[in-house]
**Student:** 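Handing you this structure, nothing more for now.
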Amino acid sequence: MAYDHKAIEKKAQQKWEEQALYTTDLTDTERDPYYLLCEFPYPSGDLHIGHWYAFSVTDIYARLLRLRGKNVLFPIGFDAFGLPAENAAIKRDLDPKEWTYANIDRMRGQLKSMGASFDWSKEVITCEPSYYQWTQWLFVKFFEHGLVERRKATVKWCPQDQTVLANEQVSDGKCERCGTEVVEKELTQWFLKITDYAERLLDGLDKLPWREEIKEAQRAWIGKSEGAAIEFPLAGRSEVIKVFTTRPDTLFGATYVVLAPEHALVRTLLSDVDNAAEVRTYLDKTAQKTERERSEQKDKTGVRLEGIVAENPVNGERIPVYVADYVLGSYGTGAVMAVPAHDERDFEFAHVHELPVREVVHREGASLPYTGPGTLVNSGDYAGADSDVVAWDIATIAGGVRTTQYRLRDWSISRQRYWGCPIPIVYDPDGNAHAVPAEHLPWLLPEDAHYKPTGHASPLASSDELRERVTRIFGEGWTPEYDTLDTFVDSSWYFLRYLAPHDTHAFTDRALSDRWFPVDRYSGGSEHTTMHVLYARFFTKALYDLALVSVDEPFIERFNRGLILGPDGQKMSKSKGNVINPDDFVDKFGADAVRIYLAFIGPYNEPGSYPWNLDGVTSMRKFLERIERLTVRADHAALTPELEKALAQANRKIVQDGDRFKFNTCVAALMILVNALEDAPSVSREALKQLLVYLAPFAPHLAEHLWEALGEEGSVHAAAWPVAAEHAEETVAVVVQVNGKRRGSLEVKADTSEQAVTAQALEIEQVVTALAGKKPTRIIYVAGKIINLVA
RNA sequence: GGGCAUGUGGCGGAAUUGGUAUACGCGUACGUCUCAGAAGCGUAUCCCGUAAGGGUUGGGAGUUCGAGUCUCCCCAUGCCCACCA
């Protein structure tokens, strides 16, 4: 090894710490502020290669911006409450708190070993009372303004983790954390009313310059659909069945009505149906199915409510009523009008249960079920009309009301677990909820609770201290809330806390947030598109409405980074044995080589997957060694025009592609520069100094070391970004084409006229041959790039 | 099933608003240095052709002086959502 990376790294990291190089002065008004944010890590244990990719590559940009004169805020913290840490601690028979803090200590050291330029003075840890005091304070604000609600609802429950999950935390019917099949449970829970913001969350996206795929994913998740709410009266009864439909034009084709098994009306009707036993059996069977079983069963199951008859409001037709689990209790009104001819699910159900299929929208050549638009048939006075045109007329005569439905559900935030932020709510003797007054915040997580979940009651219920605390403060008969908050609540506002991490009077600093918020660029994983990023946007809008911040979108730019795969091209996992431990590589090749490898592997501005490649890291180490050898050749000669040009090109490329988050081409530009320097007859100190500044963001330790070796003062990371030399006299290569085909090229001065270029082009032998005596009829000249002679 | 994204050498990838396709690197081959190996250094490396030249960005069509880039159709892959009425 040509240089001792361990010694170099240690020395450089010490130097930066001593000089407090990365402590951001938030009150500085001289330089432009730039808030660069990475998703803060979950203290799960060791830092893996994905963490390196997330933090060390974003760090390149932080360093680059600082060199270019920005006042950069690049903070770090820990998302420290939550299930995985708690489960891991229980498995090891440790207190979740001890386990979490031990992990934080270890990860801090590992994060520093990357040479990441985080401002540790602003570290936030969400499980610290000084942090969660403000999570609670915000919860109370939301509570006071009606944004928090306690209600009974069917919620997703993870039997393994013994807790409720938010809709966003269920994927493919399984728990996001542990993969267990999720079941539904009826529970009284706290909700954040994110659905109140559905429309604004949608609108806000239009103005954001994010990649379309991120915005589309959020739009799809919010799932806006417009339609009509229509009431179907029940013959001889006072109740009505309210349905939601986006297709009122098919109303004449409704041949039955379906209620979801969870629908409240089912229980009411049960006493009057002729086949109550059969219905009850069906309801019980359905209740035992997991979400997935319900959606994956081959045949659409259901049962008719015998003796109950609904009336189609458009024509008074009497049609049967069914209970079927293909209708979701949680969407729309929990009931649908079934139009088998024009809906695939209704068609399937009608087929199984031998219900009539009546075509009302006709299109030549289309077979049923046909779900597109067409000409109405069997539709009374509307027969012959265009289905799209008269849809709302039909809705109107049926008494339909224009309704907008969202797929988005309110955010369930109660967790029946120990390791989370206590919900700052107490109940009076009558069971009414009251917010814990601000003077009692932080509302501490009791230390005497049995933290293992029992499934019967939340762990906090086992705390005597909590009960006594409530009695002492509020009086006899008052009881605490025993659930804790979903971890995603903690992380929905941490980017504001970085601005005032030690403030004991406010959750953030208003003056600083006016200056620093929103975040300029936020880098994270695509798995958070419909979770954390959505929640953070919701929080910001709510805070804006409470006049606590001045903007209502938290992130100007959002980038989802890619994934590092195992050497076999598969996703890394312990079971596949293809997990790369970054520590081994850092130990062997140095942090700089690993950083620059991760930067070079592919563009950072779009999500992709990159297999880990040992040869790639090795070659980066060799590249760094070439730079080290180069510095030994330093002399005092003046810069040659060639080198000046090469330096200017690298400078411009790194600035431009850095801003685009394309560090792979920045590294390529560095390589081209190093190749040019190696080929040069002499290497001046001035050229090397510039090279080291360009290298510094990518390989911060080696750049610092070589900077010192050249005898330079201070830190290379505090150096001024070189001004790229402008060459007015520069010649440019102009490609000469005949009929769009390349026939040669010319070296001309940039400001050469079209006539002069044409004249020169016509002298090229291949051009003459290609023209074969013809005269160009048209000449297209793009200055400095191309000239095309069309003949 | 729906939505979005992406298809460029053996591999990762490059190609500002349409303007030299394959930058940079890996791998490979040969050479050099060496007692030998490693490292280093040098040369070559999309395809056909001795060459001149011609062809090539998943396939097909189109717009254009000019298309990897724009439009349409098809194919493949990846991600997200998924009984959402």
Side-chain angles (χ1 to χ4, degrees), chain A residues 1-2 171-173 211-221 223-225 227 243-247 250 258 260 291 294-297 300 324-328 330-339 342-346 348-349 371 405-409 526-527 529-530 560 563 569 597 600-603 606-611 613-620 622-623 625-626 629 653 656-657 660 662 664-672 674-675 678 733-745 766 769 776-782 784-791:
Chain A
M1 290 288 165
S171 185
D172 279 338
R211 274 176 73 93
E212 205 51 38
E213 61 193 286
I214 304 179
K215 297 203 273 186
E216 264 315 304
Q218 289 212 352
R219 285 192 195 108
W221 187 262
K224 180 179 182 173
S225 72
V243 304
F244 172 73
T245 179
T246 54
R247 292 294 302 277
T250 64
V258 191
E291 258 215 336
R294 253 177 90 160
S295 70
E296 284 184 354
Q297 57 197 4
K300 299 244 176 297
D325 63 6
Y326 78 92
V327 174
L328 305 176
S330 53
Y331 182 76
T333 60
V336 301
M337 62 176 213
V339 185
H342 305 292
D343 182 283
E344 281 162 24
R345 298 151 298 181
D346 297 343
E348 236 183 276
F349 187 82
T371 57
Q405 280 295 334
Y406 299 93
R407 208 194 74 100
L408 187 70
R409 295 290 120 78
S526 54
E527 70 275 19
T529 302
T530 52
N560 287 348
L563 204 64
Y597 168 72
F600 191 58
I601 205 165
E606 55 189 76
S609 346
Y610 309 102
N613 178 292
L614 174 64
D615 290 322
V617 196
T618 314
S619 77
M620 291 305 136
K622 289 177 183 170
F623 171 60
E625 286 173 5
R626 279 166 58 201
R629 264 176 268 141
K653 187 81 179 156
Q656 208 168 72
D657 288 358
R660 294 199 293 152
K662 289 196 51 127
N664 53 336
T665 51
C666 291
V667 175
L670 275 174
M671 288 170 169
I672 291 168
V674 169
N675 290 345
E678 281 177 338
V734 173
V735 169
V736 181
Q737 294 182 337
V738 174
N739 291 328
K741 286 209 188 282
R742 186 181 196 276
R743 296 297 167 185
S745 71
Q766 284 100 323
T769 314
T777 53
R778 194 173 161 193
I779 293 164
I780 291 119
Y781 178 58
V782 182
K785 271 191 179 151
I786 200 159
I787 180 161
N788 189 9
L789 308 174
V790 185

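Sequence lines set the chain letters: A, B, ... in the order given, protein chains first and strands last, and positions in each chain run from 1.
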**Student:** For the C1' atoms, the ones on B:G27 and on B:U71, what distance do you get once it is rounded to whole angstrom?
**Tutor:** 39 Å
**Student:** So what does A:Ile672 touch, heavy atoms closer than 4.0 Å: a base, only the sugar-phosphate, or nothing?
**Tutor:** sugar-phosphate
**Student:** Once you apply a heavy-atom cut-off of 4.0 Å, does A:Lys300 come out as touching a base, just sugar-phosphate, or nothing?
**Tutor:** base
**Student:** Can you tell me, in whole Å, how much space there is between the P of B:U63 and that of B:C72?
**Tutor:** 15 Å
**Student:** Specify the separation, in whole Å, of atom CD of A:Glu216 and atom C1' of B:C81.
**Tutor:** 11 Å
**Student:** Using Watson-Crick or G-U wobble geometry with both distances under 3.5 Å, which nucleotide pairs with B:C80?
**Tutor:** B:G2
**Student:** Is it true that A:Lys622 and A:Glu625 have a side-chain N and a carboxylate O under 4.0 angstrom from each other?
**Tutor:** no
**Student:** Tell me, do A:Ser225 and A:Tyr331 make a side-chain contact under 4.5 Å, heavy atoms counted?
**Tutor:** yes
**Student:** Checking contacts here: which listed nucleotide (B:C26, B:G40, B:A85) is nearest the side-chain heavy atoms of A:Ser619?
**Tutor:** B:C26
**Student:** Applying the Watson-Crick and G-U wobble criteria at under 3.5 Å, what pairs with B:G12? Answer none if nothing qualifies.
**Tutor:** B:C24
**Student:** What is the glycosidic conformation of B:G25: syn, defined as within 90° of 0, or anti?
**Tutor:** anti
**Student:** By nearest nucleotide on RNA chain B, pick out whichever of A:Met337 and A:Ser526 is the more 5' one.
**Tutor:** A:Ser526
**Student:** Would you please confirm or rule out a distance under 4.0 Å between OP1 or OP2 of B:A5 and any side-chain N or O of A:Asn560?
**Tutor:** no
**Student:** Regarding A:Val327, tell me which of base, sugar-phosphate or nothing describes its non-hydrogen contacts under 4.0 Å with the strands shown.
**Tutor:** base
**Student:** Just the rounded figure in Å: distance from P of B:G55 to CZ of A:Arg742.
**Tutor:** 14 Å
**Student:** Over how many whole Å does the gap from A:Asp615 atom CG to B:G25 atom P extend?
**Tutor:** 15 Å
**Student:** Do the non-hydrogen side-chain atoms of A:Thr665 and A:Lys653 ever get within less than 4.5 Å of each other?
**Tutor:** yes
**Student:** Please determine, for B:A36, whether a Watson-Crick or G-U wobble partner exists with both distances under 3.5 Å, and give it or none.
**Tutor:** none
**Student:** Just to confirm, is there a sub-4.0 Å distance from OP1 or OP2 of B:A85 to any side-chain nitrogen or oxygen of A:Tyr331?
**Tutor:** yes
**Student:** Nearest whole angstrom, please: distance from the P of B:G78 to the CD of A:Glu606.
**Tutor:** 18 Å
**Student:** Now, which nucleotide makes the Watson-Crick or G-U wobble pair with B:A29, with each of the two distances under 3.5 Å?
**Tutor:** B:U43
**Student:** Would you call A:Ile214 and A:Glu212 a side-chain contact if the rule is heavy atoms closer than 4.5 Å?
**Tutor:** no
**Student:** Distance between the C1' atoms of B:U22 and B:G55, in whole angstroms?
**Tutor:** 15 Å
**Student:** Using a cut-off of 4.0 Å on non-hydrogen atoms, how would the nucleic acid contact of A:Arg743 be classed: base, sugar-phosphate, or nothing?
**Tutor:** sugar-phosphate
**Student:** Which whole number of Å gives the distance between the P atom of B:G18 and that of B:U69?
**Tutor:** 12 Å
**Student:** Taking pairing as Watson-Crick or G-U wobble with both contacts under 3.5 Å, can you name the mate of B:U71, or confirm there isn't one?
**Tutor:** B:A61
**Student:** How would you label the contact of A:Val790 with the nucleic acid (heavy atoms, under 4.0 Å): base, sugar-phosphate, or nothing?
**Tutor:** sugar-phosphate
**Student:** Would you kindly compare A:Ala220 and A:Glu213 by the position of their nearest RNA chain B nucleotide and give the one closer to the 5′ end?
**Tutor:** A:Glu213
**Student:** Please state how far atom CE in A:Met620 lies from atom P in B:G25, giving the value in whole angstrom units.
**Tutor:** 9 Å
**Student:** Is there a side-chain contact between A:Ile779 and A:Val790, using heavy atoms and a 4.5 Å cut-off?
**Tutor:** no
**Student:** Taking the same atom, C1', in B:U8 and in B:G58, what whole-Å distance lies between them?
**Tutor:** 10 Å
**Student:** Give me the distance, rounded to whole Å, that separates B:C4 from B:C70 when you measure between the P atoms they each carry.
**Tutor:** 15 Å
**Student:** Is it true that A:Thr618 and A:Tyr597 share a donor-acceptor pair across their side chains at a distance under 3.5 Å?
**Tutor:** no
**Student:** Take atom P in B:A67 and the same atom in B:G60, then report the distance between them in whole Å.
**Tutor:** 15 Å
**Student:** Whom does B:G66 pair with, Watson-Crick or G-U wobble, provided both distances fall under 3.5 Å?
**Tutor:** none
**Student:** Strictly under 4.0 angstrom, non-hydrogen atoms only: write out the protein contact profile of nucleotides 9-19 of chain B, one letter per nucleotide from the 5' end, B, S or -.
**Tutor:** ---BSSSBB-B
**Student:** Indicate yes or no: at least one non-hydrogen side-chain atom of A:Phe623 is less than 4.5 angstrom from one of A:Leu670.
**Tutor:** yes
**Student:** Between A:Gln737 and A:Arg743, is there a donor-acceptor pair closer than 3.5 Å when you use the side chain of the first and the backbone of the second?
**Tutor:** no
**Student:** With both distances under 3.5 Å as the test, what is the Watson-Crick or G-U wobble partner of B:A85?
**Tutor:** none
**Student:** Tell me: NZ of A:Lys741 to C1' of B:U20, nearest whole Å?
**Tutor:** 13 Å
**Student:** State, yes or no, whether a side-chain contact exists between A:Val336 and A:Phe244 at a heavy-atom distance under 4.5 Å.
**Tutor:** no
**Student:** What's the closest nucleotide to the side chain of A:Arg407 if the choices are B:A85, B:A82, B:A5?
**Tutor:** B:A82
**Student:** Rounded to whole Å, please give me the gap between CZ in A:Arg626 and P in B:C41.
**Tutor:** 6 Å
**Student:** Scan A:Asp346 against the nucleic acid and name what it touches under 4.0 Å (heavy atoms): base, sugar-phosphate only, or nothing.
**Tutor:** nothing
**Student:** Is a side-chain donor-acceptor pair under 3.5 Å present for A:Tyr781 with A:Asn788?
**Tutor:** no
**Student:** Counting only Watson-Crick or G-U wobble pairs whose two distances fall under 3.5 Å, which nucleotide matches B:G18?
**Tutor:** none
**Student:** How long is the line joining CD of A:Glu212 and P of B:C81, in whole Å?
**Tutor:** 18 Å
**Student:** Write down the distance separating the P atoms in B:U45 and B:A52, rounded off to the nearest Å.
**Tutor:** 13 Å
